[in-house]
Every structure is written in structure tokens, then in C-alpha cells.
Amino acid sequence: MNPDFVAYNIRQDVQDMHAYAVQDAAGMVKLDAMENPHRLPAELQAALGERLGAVALNRYPDGRVDDLRRALAAHAGMPEGFDIMLGNGSDELISLLALACAKPAGGQAASVLAPVPGFVMYAMSAQLQGLDFHGVPLTADFELDETAMLAAIAQHRPTLTYLAYPNNPTANLWDAAVIEKIIVAVGEQGGLVVMDEAYQPFASQSYIDRLARHSHVLLMRTLSKFGLAGVRLGYMMGPKALIAEVDKVRPPYNISVLNCECALFALGYQDVFAAQAQDIRTQRTVILAALTPLPGVKAYPSDANMILVRVPDAAKTFEGMRLRKVLVKNVSKMHPLLANCLRLTVGTATENEAMLAALLESL
Ligand SMILES: *Cc1c(COP(=O)(O)O)cnc(C)c1O
């Protein structure tokens with residue numbers, strides 16, 4: 001059979017694109033994907049097993065999903081009059097937003113705007129739904145370029161504007177006053193703003209208290225960085241009527257009964273996860289203190305469970321660390337502003353010691 005046969009009917013732009021890359025981490029200290037390094041304590045693992053064993057796997061997901069929606073809304077402190085929808089990870093919500101906003105050919109083209117470097121799914125979801133993507137470069141120190149952002153909003157009138165708060169991979173929170181100006185400008189053009197708070201458990205600020213000020217702002221979060229990356233559970237809050245529209249394009253039963261029950265279980269032990277997040281924030285301080293005095297190394301401030309660091313030769317350091325069995329992310333080719341940058345996920349004290357030793361030996 002012609003090996004190209006299966007590709008015949010696949011869209012050319014899909015054939016030309018790269019799949020989301022997941023690095024092989026077998027046998028490595030895995031510090032490449034902002035996972036929480038802590039597992040559930042043994043007694044909770046046993047209790048969860050029992051609870052999952054009792055779930056009716058023969059039935060489609062039912063009203064239990066609404067219990068989870070309520071529990072997450074309470075966890076986040078969702079304002080009155082708002083609603084919440086769930087996704088199979090926030091990646092699914094990002095795809096659903098593009099799907100809900102994509103306009104059929106002929107009309108005014110829909111578009112997505114986001115600062116770059118940023119989370120790759122914003123551009124990927126746009127491309128896959130045929131929306132234009134406009135990336136607006138951050139400043140050299142990774143702040144929002146207010147002038148460039150406002151000019152791009154006026155020029156492109158974006159349907160969706162993403163602001164990751166804090167941003168990935170730069171790990172910083174942007175200026176609240178500049179964010180407010182961007183939100184107002186997008187609103188005046190009739191667009192939506194999505195505040196993506198994937199790293200909220202480690203951040204000193206959240207947009208949640210300001211959410212009720214605007215009717216065109218959505219707030220997205222996930223349980224992935226909280227400590228349940230394997231469960232796949234993202235959520236998005238916004239004005240009721242707006243959430244109702246986006247929810248129409250959600251596939252039925254998108255949250256498995258196992259994801260749902262696991263998330264409900266975890267929310268019953270929020271103190272355990274809060275203690276893990278506190279440990280990660282403490283470890284972040286330890287890593288930053290070790291990196292800051294190193295000559296030729298620049299570590300950037302972080303409000304997330306990752307640290308962006310610029311080294312003299314990122315390819316050499318990444319490879320040296322890999323040979324020493326420490327896997328981080330080489331983001332130096334993602335964007336010119338990230339030249340020679342590595343992204344380090346904060347791990348346990350032991351993992352971080354191994355990571356710092358490997359980095360020092362690989363500079
Ligand atoms: C990790 C991440 C997400 C996606 O997380 P899910 O695992 O799909 O919930 C969303 N936004 C940003 C900025 C991220 O870094």
C-alpha cells in the first residue's frame with residue numbers, strides 16, 4: 001500500500017504541523033512539565049481507590065459533574081451571577097473557545113491574540129479552527145508591551161485575547177493596570193478576554209476579585225498544576241449567559257466519571273494540596289537563591305512552579321543535564337526573546353538538589 005495513502009484526505013496544514021511534543025522521561029528526574037512532584041499520601045491513595053471502585057462505570061457521567069462544578073466554584077470563590085464549565089484539561093476549553101468563535105468563511109474572520117512567548121495551545125487552537133493568530137512580543141524583561149498590545153487590539157479587533165496570569169514559560173505576573181487597559185480595549189472592540197490562571201496555586205495575585213467588573217472576561221483554571229495533571233480537569237468561569245454559549249460546543253460527557261470522582265476526592269483534602277503548594281513555593285525560593293549568584297546565569301522572578309533561567313549556552317546545558325538524568329525544558333528556540341533560556345520545574349528538595357548540581361556541572 002502507498003504509505004502516503006492515509007494522509008490523502010487529511011488537511012494540508014495539519015500534515016504540515018508538529019504534534020504537541022512530549023519528551024521521553026523514563027529514568028529521569030522529571031522537571032520539564034510543571035507537574036506537582038508530590039503524590040497522594042498512602043492512606044489517601046487507598047481511600048481514593050475504594051471510592052473509584054464504587055463508581056458506576058457502566059453509566060454515562062450524570063449529575064455528579066454538577067457536584068464537581070459547585071465544589072470548584074466554591075474552591076475558586078466564583079462571584080454571584082457567574083457560571084462554571086469543565087473541560088478535559090484546560091486545553092480542551094481552549095479548543096472549545098476557538099470552536100465557538102470560529103466564523104464560517106465569508107464573514108469577518110475571527111482571530112486570537114496573545115502576548116508571546118506564551119502558552120503554545122493558544123496559537124495551535126486558533127490554527128486548527130482556521131482563526132488568525134496574532135502574537136504580540138513581550139518586552140525584553142517579559143512585561144506586557146502596553147503600546148504594542150493596544151495597537152494590535154485596535155488593528156486586529158481580536159475575537160479572543162489570552163492573558164496567562166502568571167505566564168508560561170516566563171513565570172511572571174504582569175502589571176495589573178496594563179491588564180485592565182487591555183481588557184477595556186478588547187471590550188470596546190467587542191472581543192473576549194480569557195485570563196488563564198493555570199499557576200494560581202503558586203501565584204501571589206489572582207484576577208478572581210476583579211472578574212465581576214466585566215462581562216467579557218472569562219477566568220480559566222486547571223487542577224493540573226495543583227497536583228492532578230494525570231486526572232485532566234480544567235474549568236472556566238464567566239458570566240452565566242456567556243458560559244452557556246461556549247458550553248453548547250462542549251462534547252457531551254467530556255468529563256469521565258473517574259476524572260470527576262478523583263477531583264471531588266481531592267477537593268475534600270484541599271489542606272493536603274495547599275501544603276504541597278506551600279512546599280513548592282518554599283523550594284522555588286531555595287532554587288532562586290542558588291541560581292541568582294551564579295556568574296553568566298540569569299534567573300527570572302517566578303509566581304509559578306517553574307523558573308526561567310538564561311544560561312550562556314542552553315543547548316549545552318540542557319544536554320549536560322540530560323546526560324546527568326535531569327530533564328528540563330529547553331525553550332530557547334520557542335521565541336527570540338527566550339534565546340538560551342531553560343525552563344526548570346520546581347520539584348522536591350531532593351530533586352532540586354540534583355537539578356542544581358546537574359545545571360552547575362553543565363554550564
Ligand atoms: C499547563 C497549562 C495549561 C493547560 O493545562 P491542562 O493540563 O490542559 O489543564 C493551560 N494554560 C497554561 C498557561 C498552562 O501552562
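One-based numbering, in listed order, for ligands and for the atoms of each. Just so it is clear, the values below take in all heavy atoms, side chains as well, and ignore hydrogens, waters and symmetry mates.
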Would you mind running through ligand 1 and noting each atom that sits below 4.0 Å from a heavy atom of [X]?
| X | result |
| --- | --- |
| Arg232 | 6 (P), 7 (O), 8 (O) |
| Ser224 | 6 (P), 7 (O), 9 (O) |
| Asp91 | 4 (C), 8 (O) |
| Thr222 | 6 (P), 9 (O) |

Closest approach of any protein heavy atom to [atom], naming residue and atom:
| atom | result |
| --- | --- |
| atom 15 (O) of ligand 1 | Tyr199 OH, 2.6 Å |
| atom 2 (C) of ligand 1 | Lys225 NZ, 2.4 Å |
| atom 5 (O) of ligand 1 | Ser90 OG, 3.3 Å |
| atom 13 (C) of ligand 1 | Asp196 OD2, 3.4 Å |

Just checking, Lys298 and Tyr300: is the charged tip under 6.0 Å from the six-membered ring centre and within 45° of the axis?
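Satisfied, under 6.0 Å and within 45°.
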Would you indicate whether Glu50, at its atom CD, is surrounded by more than 12 heavy atoms from other residues, nucleotides or ligands within a distance under 6.0 Å?
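No.
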CZ/Arg157: more than 12 non-hydrogen atoms of other groups inside 6.0 Å:
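Atom CZ in Arg157 is not packed in, count stays at 12 or less.
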Could you tell me the separation between the CG atom of Asp247 and the CG atom of Leu242, rounded to the nearest 0.5 Å?
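Here the rounded value is 11.0 Å.
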Parallel, tilted or perpendicular: which one describes the rings of Phe226 and His75, with boundaries at 30° and 60°?
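Judged by the thresholds at 30° and 60°, the geometry between Phe226 and His75 is perpendicular.
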Name the residue from Leu96, Leu99, Val112 that meets the side chain to side chain contact (heavy atoms under 4.5 Å, CB included) definition with Gln129.
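The residue from Leu96, Leu99, Val112 that satisfies side chain to side chain contact (heavy atoms under 4.5 Å, CB included) with Gln129 turns out to be Leu99.
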